[in-house]
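Everything on this sheet refers to the single structure shown next.
In what follows, every chain begins at residue 1, and chains take the letters A, B, ... in the order their sequences are listed. Note: hydrogens, waters and symmetry copies are ignored here, and every other heavy atom, side chains too, is used.
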Amino acid sequence: EDQVTQSPEALRLQEGESSSLNCSYTVSGLRGLFWYRQDPGKGPEFLFTLYSAGEEKEKERLKATLTKKESFLHITAPKPEDSATYLCAVQGSGAGNNRKLIWGLGTSLAVNP
Amino acid sequence: DAGVIQSPRHEVTEMGQEVTLRCKPISGHDYLFWYRQTMMRGLELLIYFNNNVPIDDSGMPEDRFSAKMPNASFSTLKIQPSEPRDSAVYFCASSSRYEQYFGPGTRLTVT
(Lines give C-alpha, C1' and ligand atoms only; values in the text may rest on other atoms or scores of the structure.)
Protein backbone atom coordinates (compact mmCIF):
# COMPACT_ATOMS: atom_id res chain seq x y z
CA GLU A 1 0.00 0.00 0.00
CA ASP A 2 1.30 3.46 -0.90
CA GLN A 3 2.22 5.44 2.21
CA VAL A 4 3.89 8.68 3.27
CA THR A 5 5.26 9.31 6.77
CA GLN A 6 6.61 12.67 7.87
CA SER A 7 8.80 13.35 10.89
CA PRO A 8 8.98 14.99 13.26
CA GLU A 9 5.32 15.91 13.78
CA ALA A 10 6.38 19.24 15.25
CA LEU A 11 9.65 21.14 15.37
CA ARG A 12 10.59 24.30 17.20
CA LEU A 13 13.73 26.16 16.13
CA GLN A 14 15.46 29.36 17.07
CA GLU A 15 15.94 31.88 14.30
CA GLY A 16 19.10 30.93 12.41
CA GLU A 17 19.12 27.32 13.67
CA SER A 18 19.24 25.07 10.60
CA SER A 19 17.46 21.71 10.53
CA SER A 20 15.82 19.12 8.28
CA LEU A 21 12.35 17.67 7.88
CA ASN A 22 11.92 14.06 6.76
CA CYS A 23 9.43 12.45 4.38
CA SER A 24 9.61 8.67 4.07
CA TYR A 25 7.55 7.03 1.38
CA THR A 26 6.46 3.69 0.02
CA VAL A 27 5.01 3.77 -3.46
CA SER A 28 4.85 1.47 -6.44
CA GLY A 29 6.84 3.39 -8.98
CA LEU A 30 7.51 7.00 -7.99
CA ARG A 31 6.31 9.49 -10.56
CA GLY A 32 6.94 12.54 -8.38
CA LEU A 33 7.39 13.76 -4.81
CA PHE A 34 5.92 17.12 -3.85
CA TRP A 35 6.58 19.55 -1.01
CA TYR A 36 3.99 22.09 0.06
CA ARG A 37 3.82 24.77 2.72
CA GLN A 38 0.55 25.48 4.54
CA ASP A 39 -0.09 28.54 6.68
CA PRO A 40 -2.95 28.54 9.21
CA GLY A 41 -6.31 29.17 7.55
CA LYS A 42 -4.90 28.85 4.03
CA GLY A 43 -4.58 26.22 1.35
CA PRO A 44 -1.32 24.34 0.74
CA GLU A 45 1.17 26.30 -1.34
CA PHE A 46 3.31 24.39 -3.83
CA LEU A 47 7.07 24.49 -3.21
CA PHE A 48 8.91 21.75 -5.13
CA THR A 49 8.56 18.67 -7.28
CA LEU A 50 11.29 16.00 -7.29
CA TYR A 51 11.21 13.23 -9.85
CA SER A 52 14.21 10.96 -9.33
CA ALA A 53 16.72 9.93 -6.68
CA GLY A 54 19.62 12.33 -6.41
CA GLU A 55 17.60 15.33 -7.55
CA GLU A 56 17.79 18.53 -5.51
CA LYS A 57 15.85 21.81 -5.68
CA GLU A 58 16.30 25.08 -3.83
CA LYS A 59 14.20 28.12 -3.05
CA GLU A 60 15.53 30.81 -0.75
CA ARG A 61 16.33 29.09 2.56
CA LEU A 62 14.74 25.76 1.54
CA LYS A 63 16.43 22.85 -0.19
CA ALA A 64 14.69 19.58 -1.03
CA THR A 65 16.52 16.33 -1.73
CA LEU A 66 15.33 12.89 -2.79
CA THR A 67 16.53 9.31 -2.34
CA LYS A 68 14.79 6.07 -3.28
CA LYS A 69 13.06 5.88 0.10
CA GLU A 70 12.85 9.40 1.50
CA SER A 71 13.07 13.10 0.93
CA PHE A 72 14.49 15.81 3.13
CA LEU A 73 13.52 19.45 3.32
CA HIS A 74 16.54 21.32 4.64
CA ILE A 75 15.93 24.73 6.17
CA THR A 76 19.03 26.90 6.40
CA ALA A 77 19.12 29.80 8.87
CA PRO A 78 15.33 29.89 9.24
CA LYS A 79 13.38 33.06 9.99
CA PRO A 80 10.09 33.42 11.89
CA GLU A 81 8.25 33.79 8.57
CA ASP A 82 9.24 30.21 7.74
CA SER A 83 6.87 29.03 10.47
CA ALA A 84 4.20 26.85 8.82
CA THR A 85 3.17 23.25 8.32
CA TYR A 86 5.19 21.51 5.61
CA LEU A 87 3.41 18.76 3.71
CA CYS A 88 4.89 16.01 1.58
CA ALA A 89 3.00 14.03 -1.07
CA VAL A 90 3.90 11.35 -3.60
CA GLN A 91 2.43 10.25 -6.88
CA GLY A 92 2.86 6.64 -7.94
CA SER A 93 2.95 5.39 -11.49
CA GLY A 94 -0.31 3.50 -11.01
CA ALA A 95 -2.65 2.78 -13.87
CA GLY A 96 -2.89 5.10 -16.83
CA ASN A 97 -2.48 8.77 -16.16
CA ASN A 98 -3.31 8.55 -12.45
CA ARG A 99 -3.00 11.97 -10.78
CA LYS A 100 -3.84 10.88 -7.23
CA LEU A 101 -1.41 12.11 -4.56
CA ILE A 102 -0.73 10.29 -1.29
CA TRP A 103 -0.20 12.84 1.49
CA GLY A 104 1.72 12.82 4.74
CA LEU A 105 0.28 14.44 7.88
CA GLY A 106 2.85 17.20 7.83
CA THR A 107 5.50 18.72 10.08
CA SER A 108 4.50 21.82 12.03
CA LEU A 109 7.50 24.15 12.16
CA ALA A 110 7.76 27.07 14.57
CA VAL A 111 10.73 29.45 14.34
CA ASN A 112 11.24 31.67 17.34
CA PRO A 113 12.86 35.12 16.94
CA ASP B 1 -4.15 34.91 -12.44
CA ALA B 2 -6.53 34.97 -9.47
CA GLY B 3 -5.71 31.41 -8.49
CA VAL B 4 -8.28 28.82 -7.46
CA ILE B 5 -11.41 30.47 -6.09
CA GLN B 6 -13.67 28.78 -3.55
CA SER B 7 -16.93 29.86 -1.99
CA PRO B 8 -18.15 30.21 0.61
CA ARG B 9 -15.08 30.56 2.84
CA HIS B 10 -17.06 29.57 5.91
CA GLU B 11 -20.29 27.61 6.21
CA VAL B 12 -22.18 26.79 9.37
CA THR B 13 -25.23 24.61 8.99
CA GLU B 14 -27.44 22.30 10.97
CA MET B 15 -27.41 18.55 10.70
CA GLY B 16 -29.65 17.33 7.90
CA GLN B 17 -29.28 20.43 5.74
CA GLU B 18 -27.88 20.44 2.22
CA VAL B 19 -24.48 22.07 1.72
CA THR B 20 -23.01 23.13 -1.63
CA LEU B 21 -19.39 24.12 -1.99
CA ARG B 22 -18.16 25.87 -5.12
CA CYS B 23 -14.87 26.04 -6.97
CA LYS B 24 -13.45 27.93 -9.92
CA PRO B 25 -10.15 26.41 -11.10
CA ILE B 26 -7.23 28.25 -12.64
CA SER B 27 -7.95 29.01 -16.28
CA GLY B 28 -6.33 26.47 -18.59
CA HIS B 29 -5.98 23.75 -15.98
CA ASP B 30 -7.59 20.48 -17.07
CA TYR B 31 -7.54 18.65 -13.72
CA LEU B 32 -9.67 19.54 -10.71
CA PHE B 33 -9.45 17.92 -7.27
CA TRP B 34 -11.67 18.03 -4.18
CA TYR B 35 -10.02 17.35 -0.80
CA ARG B 36 -11.11 17.25 2.82
CA GLN B 37 -8.66 18.12 5.60
CA THR B 38 -8.98 17.23 9.28
CA MET B 39 -6.44 17.15 12.09
CA MET B 40 -6.77 13.41 12.51
CA ARG B 41 -6.69 12.28 8.89
CA GLY B 42 -4.86 15.11 7.14
CA LEU B 43 -5.63 15.74 3.48
CA GLU B 44 -7.93 13.18 1.87
CA LEU B 45 -8.72 13.16 -1.83
CA LEU B 46 -12.46 12.89 -2.39
CA ILE B 47 -12.72 13.00 -6.18
CA TYR B 48 -10.90 14.37 -9.19
CA PHE B 49 -11.90 15.36 -12.70
CA ASN B 50 -10.02 15.51 -16.00
CA ASN B 51 -11.55 17.67 -18.72
CA ASN B 52 -14.77 17.86 -16.67
CA VAL B 53 -15.07 14.05 -16.44
CA PRO B 54 -14.87 12.32 -13.03
CA ILE B 55 -11.85 10.01 -13.03
CA ASP B 56 -11.58 8.70 -9.46
CA ASP B 57 -14.32 9.10 -6.86
CA SER B 58 -13.12 6.30 -4.58
CA GLY B 59 -12.53 8.81 -1.79
CA MET B 60 -16.12 10.03 -1.63
CA PRO B 61 -17.16 8.81 1.81
CA GLU B 62 -20.73 7.82 1.02
CA ASP B 63 -23.75 8.54 -1.14
CA ARG B 64 -24.43 11.74 0.77
CA PHE B 65 -21.53 13.31 -1.15
CA SER B 66 -21.74 14.21 -4.81
CA ALA B 67 -19.61 16.34 -7.13
CA LYS B 68 -20.18 17.83 -10.55
CA MET B 69 -18.15 19.74 -13.07
CA PRO B 70 -20.54 21.14 -15.70
CA ASN B 71 -17.81 23.10 -17.49
CA ALA B 72 -14.09 23.84 -17.36
CA SER B 73 -14.48 26.81 -15.04
CA PHE B 74 -16.85 25.54 -12.35
CA SER B 75 -17.31 22.62 -9.99
CA THR B 76 -19.53 21.88 -7.01
CA LEU B 77 -19.32 19.49 -4.07
CA LYS B 78 -22.65 18.77 -2.45
CA ILE B 79 -23.40 17.10 0.86
CA GLN B 80 -27.00 16.05 1.44
CA PRO B 81 -27.91 15.50 4.21
CA SER B 82 -25.01 16.93 6.20
CA GLU B 83 -23.84 15.36 9.48
CA PRO B 84 -21.61 16.68 12.29
CA ARG B 85 -18.80 14.31 11.23
CA ASP B 86 -18.62 16.17 7.90
CA SER B 87 -17.16 19.17 9.71
CA ALA B 88 -13.76 19.85 8.13
CA VAL B 89 -11.98 22.17 5.74
CA TYR B 90 -12.72 21.35 2.10
CA PHE B 91 -10.17 22.32 -0.53
CA CYS B 92 -10.37 22.50 -4.27
CA ALA B 93 -7.17 22.26 -6.31
CA SER B 94 -6.41 22.40 -10.02
CA SER B 95 -3.47 21.43 -12.19
CA SER B 96 -2.24 21.23 -15.74
CA ARG B 97 0.90 19.22 -14.98
CA TYR B 98 1.64 17.14 -11.88
CA GLU B 99 1.77 19.88 -9.24
CA GLN B 100 -1.57 20.95 -7.85
CA TYR B 101 -2.58 24.48 -6.87
CA PHE B 102 -4.98 24.87 -3.99
CA GLY B 103 -7.74 27.31 -3.21
CA PRO B 104 -8.18 28.93 0.21
CA GLY B 105 -10.66 26.29 1.36
CA THR B 106 -14.16 26.24 2.83
CA ARG B 107 -14.42 25.65 6.56
CA LEU B 108 -17.60 23.65 7.12
CA THR B 109 -19.17 23.30 10.54
CA VAL B 110 -22.22 21.08 10.93
CA THR B 111 -24.01 21.44 14.29
Side-chain angles (χ1 to χ4, degrees), chain A residues 1-10 21 23-25 27 29-52 55 57 59 64 66 71 84-108, chain B residues 1-10 21 23-26 29-60 69 88-109:
Chain A
E1 180 184 350
D2 297 346
Q3 191 170 346
V4 174
T5 302
Q6 292 189 246
S7 61
E9 290 185 13
L21 312 182
C23 171
S24 298
Y25 64 91
V27 67
L30 180 70
R31 184 171 284 171
L33 184 142
F34 305 84
W35 282 99
Y36 284 78
R37 167 191 172 128
Q38 186 174 23
D39 292 296
K42 296 188 176 182
E45 174 188 349
F46 171 72
L47 293 174
F48 304 110
T49 307
L50 301 168
Y51 294 104
S52 58
E55 188 175 1
K57 291 205 175 160
K59 180 180 180 179
L66 181 64
S71 176
T85 295
Y86 291 85
L87 297 167
C88 172
V90 298
Q91 181 178 10
S93 53
N97 194 21
N98 173 38
R99 295 296 183 99
K100 184 173 183 177
L101 297 183
I102 308 300
W103 293 83
L105 293 179
T107 293
S108 176
Chain B
D1 199 318
V4 176
I5 299 173
Q6 291 188 247
S7 66
R9 294 295 313 277
H10 302 273
L21 311 181
C23 175
K24 176 179 170 55
I26 294 171
H29 283 188
D30 53 353
Y31 284 85
L32 184 139
F33 305 81
W34 281 102
Y35 287 92
R36 177 170 66 179
Q37 187 176 42
T38 60
M39 290 292 291
M40 291 299 297
R41 299 173 68 91
L43 269 171
E44 300 175 278
L45 178 66
L46 301 176
I47 184 172
Y48 79 91
F49 296 82
N50 177 217
N51 292 322
N52 314 334
V53 177
I55 303 300
D56 185 343
D57 65 354
S58 60
M60 297 286 262
M69 191 165 187
V89 181
Y90 290 81
F91 288 105
C92 175
S94 70
S95 74
S96 60
R97 294 161 46 112
Y98 290 115
E99 60 270 16
Q100 298 175 16
Y101 295 88
F102 284 74
T106 295
R107 180 173 294 277
L108 173 65
T109 303

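The shortest non-hydrogen separation linking B/Y98 to A/Q91 is CD2-OE1, 3.0 Å. Here the closest heavy-atom approach between residue B/S58 and residue A/K100 is recorded as OG-NZ, 3.9 Å. The shortest non-hydrogen separation linking A/K42 to B/F91 is O-CZ, 3.7 Å.
Contact count versus chain A (heavy atoms, under 4.5 Å) is highest, among B/M40, B/E44, B/R97, for B/R97. Among B/P104, B/G42, B/S95, the residue making the largest number of heavy-atom pairs under 4.5 Å with chain A is B/P104.
The contact between B/R41 and chain A is made entirely by backbone atoms, counting heavy-atom distances below 4.5 Å. For A/F48, no part sits under 4.5 Å from any heavy atom of chain B, backbone or side chain. For chain A, the nearby part of B/L45 is the side chain; its heavy atoms alone come within less than 4.5 Å. For A/E45, no part lies under 4.5 angstrom from a heavy atom of chain B. Neither the backbone nor the side chain of B/T38 comes within contact range of chain A; no heavy atoms are under 4.5 Å apart. For A/I102, no part lies under 4.5 angstrom from a heavy atom of chain B.
No side-chain heavy atom of B/Q100 sits less than 4.5 Å from a side-chain heavy atom of A/F34.
At least one donor-acceptor pair under 3.5 Å links the side chain of B/Y48 to the backbone N or O of A/R99.
In this structure, the salt bridge (Lys or Arg N to Asp or Glu O under 4.0 Å) partners of A/E55, at least two apart in sequence or on a different chain, are A/K57.
For A/W103 and B/F33, the ring centers are positioned 6.0 Å apart or more.
The structure places OH of B/Y35 at 4.5 Å from CG of A/L101, a figure rounded to the nearest 0.5 Å. One finds the CD atom of B/Q37 at 9.5 Å from the CG atom of A/L105 (value rounded to the nearest 0.5 Å).
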